[in-house]
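Below is one structure; the comments refer to it alone.
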2 protein chains.
Amino acid sequence: METTKTRVLLAEDDDSLGMLMKDFLLAKGFEVELCVNGKKAFDTFSKKDFDLCILDVMMPEKDGFTVAKEIRMVNKHIPIIFLTAKSMKEDIIEGFNKGADDYITKPFNTEELLVRMQAVMRRIQPANKDADEFQVGLYHFNYKNQSLEFKGNNQKLTTKEAELLKLLCVNQNDVLDRNFALKAIWHTDSYFSSRSMDVYVTKLRKFLKEDPKVQIINIHGKGFKLYVEKV
Amino acid sequence: METTKTRVLLAEDDDSLGMLMKDFLLAKGFEVELCVNGKKAFDTFSKKDFDLCILDVMMPEKDGFTVAKEIRMVNKHIPIIFLTAKSMKEDIIEGFNKGADDYITKPFNTEELLVRMQAVMRRIQPANKDADEFQVGLYHFNYKNQSLEFKGNNQKLTTKEAELLKLLCVNQNDVLDRNFALKAIWHTDSYFSSRSMDVYVTKLRKFLKEDPKVQIINIHGKGFKLYVEKV
DNA sequence: TTTATCTGTTAATGATTGTTAAAACAATAA
DNA sequence: TTATTGTTTTAACAATCATTAACAGATAAA
């Protein structure tokens, strides 16, 4: 299983500092997109997927707080770290209220930056990928046994059914990207694999239809979401 | 529905500072357990459930880093904030490596402490806890569900419809900038995306026409406003 | 007013997804 | 080996979705 690099959106208007930070982060194995002002920062954010944002507070065109506010409208959970020259308390407090996860006061050393990035990301860990038992509404799904239980009724699943359901469970209430699932289960994202996946979605929907609070929702052009309504 | 108080484990060997912080946090509605050294801190942690830990670094018997390490062995996710008199970078870095979520240098003001506690706790919220649900006049909109309910009638929405309605809801009674929405949803602000958006506005207006107090108003050259008349 | 631009709406088009059934494939027992 | 059974893929068709086209109406600038 391949682990993809952490994608960092870096917005810093000071060219030399920005380049330096970018090179440092690249050297540390991150994927970095550097933007020189707030306007470009949000543009870039809207075009690609990122795992973490580092925003300078004072930038031309659009300041870091505004960018953070816009990012939060679209994505409530992506970690945001502010960079600020001031260490003014008001600034810090405003930053947190705008949805920051952390902030760093310039000048900072690179080690500290790294360690704060790690701390902020440690909490974002998605559901345990290694788990093999899942509660899905009133259903209980055991991946290893390939079984799906509902009110004492035990339904045996095929390998592909179980694999797909597991991926959906790991991403419960969140989008499971179609191509990601295809590569993970079918090891190719060809047209026919995709159609095959659709067939399996239909099968899983039939298995899960007894509990109306459980739905597999299609996100057009993206993938599927196993949505489980809270009580 | 009663919301239980946030339970804070506070470890601080300076009596006067400890008492002061405890009283402040109590006044702010937290449940606080104050420990005067590291040994007692871990003892207390192992006896009760907590939501957040604030650990002074320098304490007799057992320093804050050691306590954090012990806590992390038992609980990987509880937020930990360190208090330290030093602002030495090495200390900060060691703290994070021991599993800290944040770090505050003495002297600090109470506002900053609060805001950091909130930031750190917001981070650990599981992704499905914060429901993307909105009340729009007599309508109830569930984003993750892609459904719009009106008087028991449930209307399924498409992905794009739901995304646009969500942005309108987030900016309820305020202008949703056209280009912002285009970038956020269509990832480009081209002419055709813009026309597509207009088509979706028409669709949403049809869905929302049952409640006359709910309107999507065009702000010429700017964008759209989801206007909900107050009672 | 005239003109260019922006918005409202409906319908047509192509792409994606939903579903069922048949075909192909794989594993196992006779 | 062949028959049997279960699984997965492919085919076929239906339904839905997002974009584009087309035209009408509204708005702001000249």
Side-chain angles (χ1 to χ4, degrees), chain A residues 46 143-148 154-168 175-209 214-227, chain B residues 143 145-148 154-168 175-209 214-227:
Chain A
S46 69
Y143 172 68
K144 277 199 168 173
N145 295 348
Q146 302 191 179
S147 70
L148 185 64
N154 206 287
Q155 168 68 54
K156 207 87 185 80
L157 298 183
T158 71
T159 307
K160 280 268 181 329
E161 286 162 1
E163 285 179 326
L164 182 55
L165 184 52
K166 182 184 174 184
L167 275 193
L168 285 165
V175 187
L176 168 63
D177 185 81
R178 181 175 210 114
N179 284 321
F180 174 83
L182 286 174
K183 281 176 200 151
I185 301 176
W186 279 265
H187 314 294
T188 161
D189 56 0
S190 71
Y191 168 80
F192 286 117
S193 304
S194 196
R195 300 308 286 122
S196 194
M197 178 169 164
D198 289 330
V199 172
Y200 279 95
V201 168
T202 297
K203 290 181 189 198
L204 290 181
R205 279 181 177 143
K206 272 183 191 159
F207 290 140
L208 295 170
K209 70 170 188 288
V214 178
Q215 293 163 267
I216 299 178
I217 296 170
N218 171 251
I219 311 300
H220 196 95
K222 275 273 175 220
F224 294 90
K225 174 159 69 182
L226 176 63
Y227 178 74
Chain B
Y143 170 68
N145 213 359
Q146 301 189 176
S147 72
L148 185 64
N154 206 286
Q155 169 68 54
K156 214 79 187 87
L157 299 183
T158 73
T159 306
K160 279 262 163 14
E161 286 161 1
E163 286 178 325
L164 182 55
L165 184 52
K166 182 189 168 188
L167 275 194
L168 285 165
V175 187
L176 168 63
D177 184 81
R178 182 174 209 114
N179 284 318
F180 173 80
L182 287 174
K183 284 176 198 160
I185 300 175
W186 278 265
H187 314 295
T188 161
D189 56 0
S190 71
Y191 168 79
F192 286 120
S193 302
S194 195
R195 299 307 288 124
S196 194
M197 177 170 164
D198 289 329
V199 172
Y200 278 95
V201 168
T202 297
K203 290 181 189 197
L204 289 181
R205 280 179 177 143
K206 274 183 190 158
F207 289 139
L208 296 170
K209 70 171 187 289
V214 178
Q215 289 162 265
I216 299 178
I217 299 168
N218 172 252
I219 313 298
H220 195 91
K222 278 278 172 206
F224 294 91
K225 177 171 7 187
L226 176 64
Y227 177 70

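Every chain is numbered from 1, with letters handed out A, B, ... down the list of sequences.
- Using a 4.0 Å heavy-atom cutoff across all strands shown, A/Tyr191 reaches no nucleic acid atom at all.
- Terminal axes of the helix from C/dT1-D/dA30 to C/dA30-D/dT1 (five pairs each, C1' rotation axis) are separated by 30°, to the nearest 10°.
- In this structure, A/Asn179 atom CG and C/dT17 atom P are separated by 10 Å, rounded to whole Å.
- In this structure, A/Lys144 places its NZ atom where only 12 or fewer heavy-atom neighbours from other residues, nucleotides or ligands lie under 6.0 Å away.
- Summary of the strand contacts: A/Val199 and A/Ser194 both lie near DNA chain C, and taking for each the nucleotide with the nearest heavy atom, the more 5' one is attributed to A/Ser194.
- As judged by a 4.0 angstrom heavy-atom cut-off over every strand, B/Thr158 is placed among residues touching the sugar-phosphate backbone only.
- Taking atom CZ of residue A/Arg205 and atom P of nucleotide D/dT16, one finds them 13 Å apart after rounding to whole Å.
- Computed from coordinates, the A/Lys225 NZ to C/dT17 P distance equals 15 Å when rounded to whole Å.
- In this structure, A/Lys160 places its NZ atom 7 Å from C1' of D/dT8, rounding to the nearest Å.
- Across the protein-nucleic acid pair, A/Lys222 atom NZ and D/dC17 atom P stand 18 Å apart, rounded to whole Å.
- Comparing D/dA28, C/dG18, D/dT20 against the side chain of B/Ser196 picks out D/dT20 as the nearest.
- To the nearest 0.5 Å, atoms OH (A/Tyr200) and CH2 (A/Trp186) are separated by 7.0 Å.
- Considering only the side chain of A/Phe224, C/dG18 comes nearest among C/dG18, D/dA18, C/dG8.
- In this structure, CG on A/Asn218 lies 8.0 Å from CG on A/Asp198, to the nearest 0.5 angstrom.
- At least one side-chain nitrogen or oxygen of B/Trp186 sits closer than 4.0 Å to the OP1 or OP2 atom of D/dT19.
- Atom-to-atom distance recorded for A/Met197:CE and A/Asn179:CG is 8.5 Å, nearest 0.5 angstrom.
- At the heavy-atom level, B/Lys156 lies nowhere under 4.0 Å from the strands shown.
- For the pair B/Arg178 and C/dC6, the criterion of a side-chain N or O lying under 4.0 Å from OP1 or OP2 is not met.
- In this structure, CG of B/Asp198 is placed 10 Å from P of C/dT9, rounded to the nearest angstrom.
- For the OP1/OP2 pair of C/dT20 and a distance below 4.0 Å, the side-chain nitrogens and oxygens of A/Lys206 include at least one atom meeting the criterion.
- For the atom pair A/Ile219 CD1 and A/Phe224 CZ, the distance stands at 9.5 Å (nearest 0.5 Å).
- Nucleic acid contact for B/Thr159: sugar-phosphate only, since backbone atoms but no base atoms lie under 4.0 Å from a heavy atom of the residue.
- Here the straight-line distance linking atom CG of A/Leu148 with atom CG of A/Asn154 works out to 8.0 Å at 0.5 Å rounding.
- When distances are taken from the side chain of A/Lys203 to each of C/dT7, D/dT8, C/dT19, the shortest belongs to D/dT8.
- Atom NZ of A/Lys222 is surrounded by 12 or fewer heavy atoms from other residues, nucleotides or ligands within 6.0 Å.
- Judged by closest nucleotide on DNA chain D, B/Tyr200 is the one of B/Tyr200 and B/Arg195 placed further toward the 5' end.
- The residue B/Asn218 sits close only to the backbone: its heavy atoms come under 4.0 Å of sugar-phosphate atoms, none of a base.
- A/Ile219 has its CD1 atom 17 Å from the P atom of D/dT16, to the nearest Å.
- Separating the CD atom in B/Glu161 from the CD1 atom in B/Ile185 is a distance of 11.5 Å, to the nearest 0.5 Å.
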